[in-house]
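Down below is the structure, laid out as structure tokens.
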Amino acid sequence: RGIETETPTHHPTSAPLMVLLRDENTFILRLQKMFDATLKKGSVWITMKKYTAPKKGKDKQKAPAKDTPEESKCIVRATEGKKNIAVVVGARDVVRFQQKLWGTVKPNMDNLEKKRKDKGEKKKKKQASKTE
């Protein structure tokens, strides 16, 4: 099942192997497994950015066409140690995918701590605002 939906990609300058998944649901399931693996120790990094398909051959020299919302895609990557997964999401599916992603990420954000401020910093800020 999982092997059929995977396309391993490897950039010569990057060390770890990136598994590009074709199915968004598989990405969410793998992401949940990453969170489970890092429950006691470790971190999962998630990044999103605009996806531009790599150009091949003669297409490299042509001027890029202006993107329309139908053509735009987003790549979402998740990294946990040396394990990397990614999925490409179309513009029409981004909102639905983000809702699924948030449903997975939110319950796993339990180890976040509030940043503590020193009492000295608070006094300095108050004095600075009074002098202005």
Side-chain angles (χ1 to χ4, degrees):
R1 292 177 216 153
I3 296 172
E4 297 170 2
T5 61
E6 299 175 358
T7 306
T9 58
H10 182 69
H11 193 273
T13 59
S14 63
L17 182 69
M18 176 72 66
V19 178
L20 183 61
L21 303 171
R22 295 182 188 153
D23 183 27
E24 299 164 9
N25 294 326
T26 306
F27 179 84
I28 297 294
L29 291 173
R30 292 267 185 105
L31 182 63
Q32 184 59 49
K33 287 181 183 179
M34 283 183 167
F35 280 125
D36 292 342
T38 59
L39 192 60
K40 299 283 182 191
K41 185 178 178 182
S43 300
V44 176
W45 293 84
I46 300 172
T47 59
M48 297 176 75
K49 69 182 232 179
K50 184 177 179 178
Y51 176 74
T52 53
K55 303 282 184 185
K56 295 182 181 179
K58 295 179 183 179
D59 293 340
K60 282 185 177 180
Q61 297 172 357
K62 293 182 181 178
K66 195 170 190 175
D67 287 341
T68 60
E70 296 82 38
E71 295 174 346
S72 295
K73 292 182 180 180
C74 175
I75 186 165
V76 182
R77 296 183 183 120
T79 305
E80 176 248 323
K82 293 185 178 183
K83 297 178 185 176
N84 299 315
I85 58 173
V87 68
V88 177
V89 182
R92 289 181 274 154
D93 301 327
V94 168
V95 174
R96 181 180 47 79
F97 178 75
Q98 284 180 337
Q99 290 172 343
K100 284 183 181 180
L101 184 65
W102 182 243
T104 304
V105 172
K106 187 177 179 182
N108 292 292
M109 292 176 56
D110 56 358
N111 290 333
L112 297 177
E113 295 180 10
K114 274 190 169 181
K115 186 177 178 182
R116 297 178 187 176
K117 292 185 179 180
D118 289 337
K119 292 180 181 179
E121 286 182 27
K122 288 181 184 179
K123 289 179 183 178
K124 289 178 184 177
K125 286 184 180 181
K126 284 182 183 178
Q127 288 175 356
S129 63
K130 288 180 181 179
T131 57
E132 292 177 354

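All values reported here derive from a predicted model rather than from experimental measurement. Along the sequence shown, residues are numbered consecutively beginning with 1.
- Both V44 and M109 are members of a single hydrophobic cluster when ILVMFWY side chains are connected at heavy-atom separations under 4.5 Å.
- Residue I85 forms a side-chain contact (heavy atoms from CB on, under 4.5 Å) with just one option from M34, R77, E80, and that option is M34.
- For residues 99-109, the set of pairs meeting the salt bridge (charged side-chain N to carboxylate O under 4.0 Å, His left out) definition, not counting sequence neighbours, is empty.
- Residues that satisfy the side chain to side chain donor-acceptor pair (under 3.5 Å) test with T104, not counting sequence neighbours, are absent from this structure.
- With sequence neighbours left out, the ring pair (Phe, Tyr, Trp, His ring centres under 6.0 Å) criterion links F35 to no other residue.
- Here CD1 of I75 is found 9.0 Å from OG1 of T52. Values are rounded to the nearest 0.5 Å.
- Residues passing the salt bridge (charged side-chain N to carboxylate O under 4.0 Å, His left out) test with E24 are R96, sequence neighbours excluded.
- When hydrophobic clusters are built by joining Ile, Leu, Val, Met, Phe, Trp and Tyr residues whose side-chain heavy atoms come closer than 4.5 Å, directly or via intermediates, L21 is grouped together with I46.
- We find the CD-CZ distance between Q32 and F27 to be 12.0 Å, quoted to the nearest 0.5 Å.
- Evaluated for a side-chain contact (heavy atoms from CB on, under 4.5 Å) with C74, the options M48, K49, K50, Q98 yield exactly one hit, M48.
- Residues L31 and L101 form a side-chain contact, since some pair of their non-hydrogen atoms from C-beta on lies under 4.5 Å apart.
- Across L20, V19, T79, a single residue satisfies side-chain contact (heavy atoms from CB on, under 4.5 Å) together with N84, and that is T79.
- Note on I28: it clusters hydrophobically with W102, by side-chain heavy-atom contacts below 4.5 Å among ILVMFWY residues.
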